[in-house]
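As a basis for the values below, the full set of heavy atoms in this structure was taken, side chains included, without hydrogen atoms, waters or symmetry mates. Just so we're on the same page: letters track the sequence lines, and every chain starts at 1.
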Amino acid sequence: MNDNEQEVLNITDDMPEQMAVRHKHLEELRALGIEPYGDRFPVTDKICDVRQKYGDMEPDKAGGEVSIGGRLMALRTHGKAVFGDLADQEGKIQIYFGLDTVGKDNFNLLKLIDIGDLLGVKGEVFITRRGELTVMVREFKILGKALRPLPEKWHGLKDIELRYRNRHLDMLMNQDVRERFILRSRLISAIRGYLDGLGFLEVETPAMGMLAGGALARPFLTHHNALDLPLKMRIALELHLKRCIVGGLEKVYEIGKVFRNEGISTKHNPEFTMLELYRSHADLTDMMEIAQGIVSTLCEKVLCSWEVPGTDGGTVNLKPPYPKMTFAEGLKKYGGIELSDLRDPVKSKEIAEKLGFNIERKDNPGYLIDKVFSMVVEPHLVNPVFIVDYPVEISPLARKKPEDGSLVYRFEMFIKNFEIANAFSELADPVDQHERFKAQHELIKKGDTEAHPMDEDYLAALEYGMPPTGGLGMGIDRLLMVLTGSSSIRDVIIFPLMKPADQV
RNA sequence: GGGCGGUUAGCUCAGUUGGCAGAGCAUCUGACUUUUAAUCAGAGGGUCACAGGUUCGAGUCCUGUACCGCCUACCA
């Protein structure tokens with residue numbers, strides 16, 4: 001650090017003009033005995049409350065005194081009158097500095113204030129000649145100096161790369177972005193409220209451990225130094241939560257990050273937020289109610305609307321109840337395909353060729369069934385729907401239906417072509433589970449990096465007996481994409497992962 | 001992973017046939033006590049993403065690299 005001291009001292013020599021000016025203002029303020037990163041200012045009012053309270057005030061009357069704090073977003077100097085726009089989390093309001101209302105010394109201080117600075121302001125509310133609700137500043141304090149200039153006031157920050165890499169700036173400049181993340185927080189909070197109201201317990205299970213199971217995906221690897229232990233980041237919440245069920249917690253859930261070492265796209269971020277919940281003595285019908293209940297709660301209590309933005313300008317109505325359609329019905333309705341034909345080696349190959357893809361790489365019935373369904377059926381699943389009666393081939397973790405061993409107790413809830421929820425009647429038979437792990441373990445030996453590891457601890461837990469249990473998983477980020485009409489997952493994750501870039 | 005497109009001032013963007021690097025906002029200087037994309041007069045600000053190549057001469061043409069976006073494939 002000390003080696004850089006010279007460089008730091010001369011910082012203004014080698015920086016864009018606008019930053020040098022701001023550094024100079026900072027020094028001049030300190031020379032006047034004003035600390036631009038100092039104590040708090042007694043902010044007692046929110047700007048949106050001020051607007052609410054005085055919004056329909058008589059133009060000639062003087063309003064009450066308010067004390068607000070926020071960021072200076074614009075400054076219009078007009079000789080001995082200066083107007084600014086001050087913005088806080090939800091609101092923005094005009095502030096007025098007059099030479100005779102703020103005093104000569106304070107008025108001169110305005111020369112040292114730059115757009116982007118954080119200000120605390122106290123004064124009376126009034127309405128200007130042009131009818132703008134304004135705070136007449138009597139007293140103000142610099143609460144934080146902005147050493148970098150803000151983006152352009154009219155167009156704002158548009159460059160998508162800059163927005164993702166500098167989300168603080170994105171939120172600061174673009175109110176809709178700020179609102180979207182406020183909404184994200186409220187939605188997640190409402191999910192917690194709903195589940196807590198049903199008597200669920202929120203638990204926190206380990207994010208790292210020796211094994212990463214509960215899904216088929218490559219984990220991130222990390223390392224514990226003191227123990228000299230290789231560790232993996234979790235890819236799902238499932239196995240620990242079910243161990244909680246074995247332990248006698250009857251309704252548990254977790255909302256947490258999982259990490260999957262896979263590609264990045266508009267629908268995939270390496271770390272993302274999952275909700276998983278498990279309820280003993282429950283079945284798929286209960287899980288359906290809960291899945292529907294979560295979406296309903298969000299619509300009613302947070303969005304205050306059943307309508308969410310559709311993919312092409314229209315809207316999608318999320319008012320329950322949602323219809324059910326079996327997996328086989330979907331194939332038949334949208335593709336004229338019989339599920340049984342997909343299990344037939346000859347007929348399935350014909351269907352695949354007709355759809356225009358080859359199945360050489362993973363030539364197994366499960367892969368084919370899944371692929372055909374997502375190609376033929378999923379594009380039609382715009383309105384909320386439960387797809388039920390999944391084939392056993394693509395549902396290795398669910399219990400088989402007693403009346404038809406080729407189908408399992410499982411549903412997925414689709415909205416706007418997104419698979420929003422996935423639910424099972426959980427497999428509780430430890431011997432069956434052991435067999436399935438063994439099969440997966442064979443794949444690992446053959447080099448499959450995404451196969452499920454043998455989890456002896458989980459098996460041992462199951463061997464104490466797990467009651468009949470319903471489980472539900474929801475990808476929170478994707479749910480938020482659907483609810484907010486976002487086309488990229490990066491629009492609902494505040495700080496999405498970006499590749500390192502020089503000079504940005 | 002594959003295909004297409006983008007990268008020029010702090011920000012938003014122009015840049016013609018290859019011929020001195022442009023505008024608006026922002027910044028600086030000056031005027032202005034009710035403006036609001038304030039206005040008016042002037043000024044400064046550039047590694048044209050990066051590395052090569054062609055050329056008398058490259059922001060512009062060619063090759064490669066990086067990052068971002070869109071489409072596409074897989075994963076949720």
Let me check something: any side-chain donor-acceptor pairs from residues 67-74 of chain A under 3.5 Å, sequence neighbours excluded? List them with distances.
| residue | atom | partner | partner atom | Å |
| --- | --- | --- | --- | --- |
| Ser67(A) | OG | Pro42(A) | O | 2.6 |
| Arg71(A) | NH1 | Gly116(A) | O | 2.8 |

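- Taking the C1' atom of each, rG15(B) and rG59(B) are spaced 8 Å apart, rounded to whole Å.
- One P atom belongs to rU65(B), the other to rC70(B), and the distance between them is 22 Å to the nearest Å.
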Would you please test Glu450(A) and Glu262(A) for side-chain contact (heavy atoms from CB on, under 4.5 Å) and show each step?
CA-CA 10 Å; Glu450(A) 293 187 1; Glu262(A) 293 162 349; 4.0 Å; yes
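- With 3.5 Å as the limit, one finds no donor-acceptor pair spanning the side chains of Tyr164(A) and Asp159(A).
- Atom CD in Glu152(A) sits about 17 Å away from atom C1' in rG45(B), given to the nearest Å.
- Closest approach to the Asp100(A) side chain among rG10(B), rU33(B), rC13(B) is made by rU33(B) (side chain taken as heavy atoms from C-beta onward).
- Under the Watson-Crick or G-U wobble criterion, with both distances below 3.5 Å, rG22(B) is paired with rC13(B).
- Pair check for rU35(B) finds none; no Watson-Crick or G-U wobble contact set falls under 3.5 Å.
- For the P atoms, the distance linking rC71(B) with rA9(B) amounts to 27 Å, nearest Å.
- Comparing Ser488(A) and Gly98(A) by the nucleotide of RNA chain B whose heavy atom lies nearest to each, the residue mapping closer to the 5' end is Gly98(A).
- Distances were taken from every side-chain heavy atom of Phe126(A) (C-beta onward) to each of rG10(B), rU34(B), rC68(B); the shortest belongs to rU34(B).
- One interatomic measurement links the two molecules: CG of Leu110(A) to C1' of rU27(B), which rounds to 17 Å at whole-angstrom precision.
- When heavy atoms are screened at a 4.0 angstrom cut-off, Asn261(A) is found touching no nucleic acid atom at all.
- Under the Watson-Crick or G-U wobble criterion, with both distances below 3.5 Å, rG57(B) is left unpaired in every strand shown.
- Computed from coordinates, the Lys80(A) NZ to rA31(B) P distance equals 9 Å when rounded to whole Å.
- Across rU55(B) and rG45(B), the matching P atoms stand 34 Å from one another, rounded to whole Å.
- For Arg76(A) and rU36(B), the CZ to P distance is 8 Å, given to the nearest whole Å.
- At a threshold of 4.0 angstrom between heavy atoms, the contacts of Phe418(A) with the nucleic acid are absent.
- The pair Lys445(A)-Glu442(A) counts as a salt bridge, with a side-chain nitrogen and a carboxylate oxygen less than 4.0 angstrom apart.
- Whole-Å rounding puts the Met173(A) CE to rA37(B) P distance at 15 Å.
- In terms of position on RNA chain B, the residue among Ile264(A) and Thr77(A) whose nearest nucleotide sits closer to the 5' end is Thr77(A).
- Under the Watson-Crick and G-U wobble criteria, each requiring two contacts below 3.5 Å, nucleotide rG1(B) is paired to rU72(B).
- Using a 4.0 Å heavy-atom criterion, one finds that Ile115(A) contacts the sugar-phosphate atoms exclusively.
- Of the candidate nucleotides rU35(B), rC74(B), rC68(B), rC74(B) has the atom lying nearest to any side-chain atom of Lys371(A).
- Here the nucleotide nearest the side chain of Gln18(A), chosen from rA26(B), rU36(B), rU34(B), is rA26(B).
- Closest to the side chain of Arg129(A), from the set rU34(B), rG69(B), rU12(B), is rU34(B).
- No contact: Gly473(A) has no heavy atom under 4.0 Å from any strand.
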Taking only distance into account, with no hydrogens and no angle test, what donor-acceptor pairs under 3.5 Å do side-chain atoms of residues 417-425 of chain A form with protein atoms, sequence neighbours excluded?
| residue | atom | partner | partner atom | Å |
| --- | --- | --- | --- | --- |
| Asn417(A) | ND2 | Glu378(A) | O | 2.9 |
| Asn417(A) | ND2 | Pro379(A) | O | 2.9 |
| Asn422(A) | OD1 | Arg410(A) | NE | 3.0 |

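- For Thr266(A), taking side-chain heavy atoms from C-beta onward, the closest of the listed nucleotides rG10(B), rC13(B), rC70(B) is rC70(B).
- Between rC68(B) and rU29(B), the two P atoms lie 39 Å apart (nearest whole Å).
- The side chain of Ser265(A) lies closest to rA73(B) when the candidates are rA73(B), rU33(B), rG10(B).
- Between the C1' atoms of rA58(B) and rU54(B), the separation comes to 10 Å (whole Å).
- Rounded to a whole angstrom, the distance from the C1' atom of rG18(B) to that of rC62(B) is 13 Å.
- Taking the six-membered ring for Trp and thresholds of 30 and 60 degrees, Phe83(A) and Tyr96(A) have ring planes inclined between 30 and 60 degrees apart.
- Checked against rC74(B), rC68(B), rU36(B), the side chain of Thr128(A) finds its nearest nucleotide in rU36(B).
- Taking atom CD on Glu161(A) and atom C1' on rC67(B), their separation rounds to 5 Å, with Å as the unit.
- Rounded to an integer number of Å, the gap from Arg148(A) CZ to rA26(B) C1' is 16 Å.
- Put simply, OH on Tyr96(A) is 12 Å from C1' on rC32(B), counting in whole angstrom units.
- Figure legend. rA41(B) is base-paired to rU29(B); pairs are counted as Watson-Crick or G-U wobble with both atom distances under 3.5 Å.
- Base pairing annotation: rG64(B) forms a Watson-Crick or G-U wobble pair with rC50(B), both donor-acceptor distances under 3.5 Å.
- Note on His78(A): every side-chain N or O is 4.0 Å or more away from OP1 and OP2 of rU33(B).
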Walk me through it: do Val177(A) and Phe181(A) pass the test side-chain contact (heavy atoms from CB on, under 4.5 Å)?
CA-CA 7 Å; Val177(A) 174; Phe181(A) 290 115; 3.7 Å; yes
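- Close to rU35(B), at under 4.0 Å from its OP1 or OP2, lies a side-chain N or O of Arg130(A).
- When heavy atoms are screened at a 4.0 angstrom cut-off, Glu419(A) is found touching the sugar-phosphate backbone but no base atom.
- Considering only the side chain of Arg490(A), rC68(B) comes nearest among rC68(B), rC11(B), rC28(B).
- Taking the six-membered ring where tryptophan is involved, the planes of Tyr322(A) and Phe386(A) are tilted, since the angle between them lies from 30° to 60°.
- A gap of 13 Å separates the C1' atoms of rU16(B) and rG22(B), to the nearest Å.
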